[in-house]
Amino acid sequence: MVRGLMKFPGISTKLLNISVGSLCKFRNLEKAESLIIDGIRLGVLPDVVTYNTLINGYSRFVGIDEAYAVTRRMREAGIEPDVATYNSLISGAARHLMLNRVHQLFDEMLHSGLSPDMWSYNTLMSCYFKLGRHGEAFRILHEHVHLAGLSPGVDTYNILLDALCKSGHTDNAIELFKHLKTRVKPELMTYNILINGLCKSRRVGYANWMFRELKKSGYTPNAVTYTTMLKLYFKTKRIEKGLQLFLKMKKEGHTFDGYANCAVVSALIKTGRAEEAYECMKELMRSGTRSKDIVSYNTLLNLYFKDGNLDAVDDLLEEIELKGFKPDDYTHTIIVNGLLSLGHIGGAEKHLACIGELGMQPSIVTCNCMIDGLCKAGHVDRAMRLFASMKVRDEYTYTSVVHNLCKDGQLVCASKLLLSCYNEGMKIPSSARRAVLSGLRMTVSNQAARKTHIKMKAAIECNAVMHP
DNA sequence: ATAGGGTTAG
């Protein structure tokens with residue numbers, strides 16, 4: 001291949017870059033590097049683009065240190081890194097949320113006399129957003145971007161909109177959308193981000209409005225748009241409408257990657273339609289290898305568990321390992337929850353322990369399932385021990401514990417936990433409050449307990465006014 | 001750099 005390049009001096013480096021680019025794209029970094037070395041031997045000199053391509057590959061697929069090591073080799077070859085080099089390194093560090101590293105690279109870039117561009121700042125801002133540090137992200141936009149004389153592009157707005165939506169500030173997102181339309185042309189992605197954010201916060205009317213805006217602006221909805229709408233239908237219990245949309249998606253070729261299938265299957269499982277779920281899952285597994293990822297395996301695993309098909313579960317777990325997919329938090333939750341719902345309490349506890357042995361930390365969702373399952377199997381004491389050991393808990397943890405303590409007659413404990421939720425501003429469904437109050441209302445013979453109950457009731461009712 | 005799928009309580 002390289003010998004061929006020799007025949008075309010001048011364009012040979014361009015051809016080298018194209019080859020290096022496609023090798024890097026398919027994670028073939030060693031081959032890309034040896035191609036560069038062969039090239040040098042034969043007089044085809046790599047340029048800054050060649051090295052940037054390689055650095056980008058290392059940064060994406062290997063690691064930030066390995067990517068950085070290439071910049072040294074680059075300098076040795078007499079080529080100085082440019083802004084694109086640093087942007088690749090920065091995005092690698094940002095992907096792993098290594099904020100210190102990101103800042104270090106910014107400093108180094110400035111010291112080399114290079115100015116960060118809009119892409120650099122976009123990466124920095126998205127890193128701050130992912131860390132939940134919105135204030136600092138906006139500070140970068142207002143102070144650094146404008147100071148540098150840069151102006152936000154549509155991609156900057158996309159990042160801002162997504163962050164606003166995901167943090168629940170959908171009103172601000174809508175305002176920002178109206179503003180950005182006066183400055184840049186929204187992309188299809190811009191609409192998709194907004195529709196998704198509006199759907200997730202149940203702003204159905206606005207979501208439909210944005211969908212119409214999308215079509216008015218001349219774009220055609222894509223697989224992402226439709227999958228988002230599909231989820232909205234399922235969430236609002238419009239199963240038939242969702243299934244109709246899925247049919248349309250299939251006809252128009254929007255189900256190639258299996259995303260929609262997974263959404264449909266899990267909706268069918270939840271509504272007890274296992275037969276149809278199997279049918280839909282079969283379509284997914286028949287299609288290209290691209291759609292068989294850990295998410296589709298998790299979906300299928302959940303289906304087998306909900307169907308009580310433990311033999312199929314075993315086979316599937318073996319297949320997952322054989323194919324080299326790595327079980328994630330969802331996989332473990334599905335296993336623990338599946339075992340619990342089939343009455344295999346000991347098996348679930350064993351699996352929970354084995355997560356730690358695999359070097360992973362059981363997720364909060366997995367623990368929530370375990371707590372709920374233990375309670376329902378009558379082991380409230382064991383559940384409360386796990387509850388006590390959890391460093392972070394969410395509304396699922398508390399809702400489950402409060403309900404189960406009520407059922408177990410531990411009303412004072414349930415009341416205290418419920419009150420602590422109100423104090424922390426946690427959103428607890430009103431059903432939990434009703435359970436506690438009706439428990440407390442039951443007459444107790446013991447005079448002291450009765451007094452405590454009355455006090456608890458008063459405190460909870462007082463909170464009910466402030467947290468309806 | 002930025003969009004969609006899979007797990008839990010009532």
Side-chain angles (χ1 to χ4, degrees), chain A residues 87-88 90-92 94-95 102 117-130 153-163 165-166 187-197 199-200 221-232 234 249 254-255 257-267 269-270 281 284 291 293-303 305-306 328-338 340-341 363-373 375-376 393-404 406 428-435:
Chain A
N87 284 346
S88 289
I90 289 168
S91 71
R95 209 185 342 266
V102 170
D117 62 8
M118 203 55 239
W119 191 304
S120 326
Y121 287 118
N122 283 346
T123 314
L124 179 60
M125 284 188 287
S126 100
C127 187
Y128 270 125
F129 281 131
K130 278 186 210 147
V154 63
D155 29 26
T156 313
Y157 287 113
N158 289 344
I159 292 166
L160 299 176
L161 288 173
D162 193 49
C165 285
K166 296 211 162 121
E187 294 176 332
L188 178 57
M189 193 189 278
T190 316
Y191 290 98
N192 283 344
I193 288 168
L194 279 160
I195 293 170
N196 183 47
C199 284
K200 292 242 161 94
N222 65 4
V224 178
T225 324
Y226 285 126
T227 311
T228 306
M229 298 301 281
L230 194 63
K231 287 273 295 167
L232 175 65
F234 291 146
M249 289 176 73
H254 291 304
T255 54
D257 56 9
Y259 273 53
N261 292 64
C262 288
V264 169
V265 169
S266 66
I269 294 173
K270 284 195 186 95
M281 202 69 220
L284 195 165
S291 53
D293 56 14
I294 189 63
V295 176
S296 35
Y297 276 111
N298 284 341
T299 309
L300 184 56
L301 192 64
N302 192 32
L303 177 55
F305 267 119
K306 292 280 150 74
D328 61 8
D329 286 340
Y330 283 81
T331 322
H332 293 305
T333 304
I334 290 164
I335 294 170
V336 166
N337 195 45
L340 287 168
S341 61
S363 79
I364 184 167
V365 183
T366 314
C367 293
N368 288 347
C369 291
M370 196 68 224
I371 287 179
D372 195 61
C375 287
K376 285 184 176 142
R393 305 172 187 132
D394 62 9
E395 55 267 43
Y396 283 84
T397 328
Y398 284 102
T399 307
S400 167
V401 163
V402 166
H403 269 105
N404 283 300
C406 287
I428 295 294
S430 51
S431 63
R433 177 166 58 227
R434 281 197 300 273

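Proteins get letters first, then strands, A, B, ... in listed order; numbering begins at 1 in each.
- A search for salt bridge (charged side-chain N to carboxylate O under 4.0 Å, His left out) contacts involving K166(A) returns D162(A), not counting sequence neighbours.
- OP1 or OP2 of dT7(B) has at least one side-chain nitrogen or oxygen of K270(A) nearer than 4.0 Å.
- Using a 4.0 Å heavy-atom criterion, one finds that A260(A) contacts no nucleic acid atom at all.
- Residue K376(A) places none of its side-chain N or O atoms closer than 4.0 Å to OP1 or OP2 of dT8(B).
- Rounded to a whole Å, the NE2 atom of H403(A) is 17 Å from the P atom of dT8(B).
- The side chain of D155(A) has dT2(B) as its nearest neighbour among dT2(B), dG5(B), dT7(B).
- N196(A) has a side-chain polar atom (N or O) that falls below the 4.0 Å cut-off from OP1 or OP2 of dG4(B).
- I159(A) places its CD1 atom 9 Å from the P atom of dA3(B), with the value rounded to the nearest Å.
- For K376(A), the salt bridge (charged side-chain N to carboxylate O under 4.0 Å, His left out) criterion is met by D372(A), not counting sequence neighbours.
- Between the CG atom of N404(A) and the C1' atom of dT8(B) there is a distance of 13 Å, rounded to whole Å.
- Looking at the side chain of T228(A), the nearest of the listed nucleotides dA1(B), dG4(B), dT8(B) is dG4(B).
- Taking 4.0 angstrom as the limit, R95(A) places a side-chain polar atom (N or O) nearer than this to OP1 or OP2 of dA1(B).
- One interatomic measurement links the two molecules: CG of L300(A) to C1' of dT7(B), which rounds to 15 Å at whole-angstrom precision.
- Interface remark: the D293(A) side chain does form a donor-acceptor pair with the dG5(B) base, using a distance-only criterion of under 3.5 Å.
- Rounded to a whole Å, the CZ atom of F129(A) is 16 Å from the P atom of dA1(B).
- Using a 4.0 Å heavy-atom criterion, one finds that D328(A) contacts the bases of the nucleic acid, with or without backbone contacts as well.
- Between dG10(B), dG4(B), dT2(B), one nucleotide has an atom nearer to the side chain of S431(A) than all others, and that is dG10(B).
- Closest contact between the side chain of C262(A) and the listed nucleotides dG5(B), dA1(B), dG4(B) involves dG5(B).
- In terms of phosphate contacts, T399(A) brings no side-chain nitrogen or oxygen within less than 4.0 Å of OP1 or OP2 of dG10(B).
- Phosphate proximity of dT2(B) to K166(A): absent, as no side-chain N or O sits under 4.0 Å from OP1 or OP2.
- Contact annotation: K306(A) side-chain N/O to dT8(B) OP1/OP2 distance is under 4.0 Å.
- Remark: ring of Y259(A) overlaps the six-membered base ring of dG5(B) in a stacked fashion, centroids less than 5.5 Å apart, planes less than 30° apart.
- The base of dA3(B) lies close enough to the side chain of N222(A) for a donor and an acceptor atom to sit less than 3.5 Å apart.
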